[in-house]
Amino acid sequence: MTNPVFTPINSLRRGNPTQRDAYKVLESLGVMHDFATYNPILCGTIPIGINVDTSDLDIIMEVPKHQFQVFEEKLLEYYADKEDFTIKRTTIRGQSVIKANFCYHGFDFELFGQPQPVQQQYAYLHMVIEHHILKEAPELKSQIINLKKQGLKTEPAFCQVLGLRGDPYERLIEYGRQRGMI
């Protein structure tokens, strides 16, 4: 299950102004190249054009558990000097993860590594589902953006518009699976 719409980042070059700026910043930072062995994919709202002022650049990566230390050291080596840099290890849905956050050239970044193929990670699956929803019902785009501007995260905004109840992160996955989007 892959979706070439979201790999590589070259499609951002022809996108809206934020997408074009994101492309330039990603190229300047070199993260997609420097971390290529971890199969980085840019996820979130910017690739699908529903970003707001507070949207960040989320890059997910597949990091085998036995490489966590090496991955963490590489993150520190490359980005510890960036504005507002933080790094932490945590567990999400039973999976160990490493997250690094920082600011670079006007964009907030979140680099996310876990021992799971990127096309199976929730961030990727959510983006694919959201993309399909917006293709099928483009009139929802403005509603989603308005809810995001009011402070809702992306997945809860989609669930609200679709009338889905419960954990928005799980419900969106279920919705996408039921409709063959993923």
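The model shown is predicted, which means the values in this text are computed figures rather than measured ones.
Contact detail for Val118 and Tyr124: the closest heavy-atom pair is O-CB, 3.2 Å. Nearest heavy-atom pair, Pro115 versus Gln95, reported as atom, atom and distance to 0.1 Å: CG-OE1, 3.4 Å. A pairwise comparison of heavy atoms in Met181 and Tyr175 identifies CE-CE2, 4.0 Å as the closest pair.
Applying the side-chain hydrogen bond (donor to acceptor under 3.5 Å, both in side chains) test to pairs two or more places apart or on separate chains, those with a residue in residues 56-66 are Lys65-Ser96.
Within a 6.0 Å sphere centred on CZ of Arg165, other residues, nucleotides and ligands contribute 12 heavy atoms or fewer. By the neighbour-count criterion of 12 heavy atoms within 6.0 Å, atom CG of Asp81 is densely surrounded, having more than that number from other residues, nucleotides or ligands.
At distances below 3.5 Å, not a single donor-acceptor pair connects side-chain atoms of Gln114 with backbone N or O atoms of Ile98.
Here Arg171 pairs with Glu174 in a salt bridge; the nearest charged N to carboxylate O distance falls below 4.0 Å.
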Enumerate donor-acceptor pairs with a distance under 3.5 Å from any side-chain N or O in residues 28-51 to protein atoms, sequence neighbours excluded.
from: Ser28; atom 1: OG; to: Tyr104; atom 2: OH; distance (Å): 2.8
from: Thr45; atom 1: OG1; to: Ser55; atom 2: OG; distance (Å): 3.0

**Request:** Start with the C-alpha gap between Lys135 and Glu130, add the side-chain angles, then the distance that decides, and say whether salt bridge (charged side-chain N to carboxylate O under 4.0 Å, His left out) holds.
**Result:** CA-CA 9 Å; Lys135 278 181 68 174; Glu130 293 157 2; over 6 Å; no
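Aromatic rings of Phe102 and Tyr79 (six-membered ring for Trp) have centroids within the 6.0 Å cut-off, being under it.
Taking the ring centre of Phe68 as origin, the terminal cationic atom of Arg89 falls outside the region bounded by 6.0 Å and 45° from the ring axis.
Side-chain contact between Asp84 and Phe109 is absent, with no heavy-atom pair separated by less than 4.5 Å.
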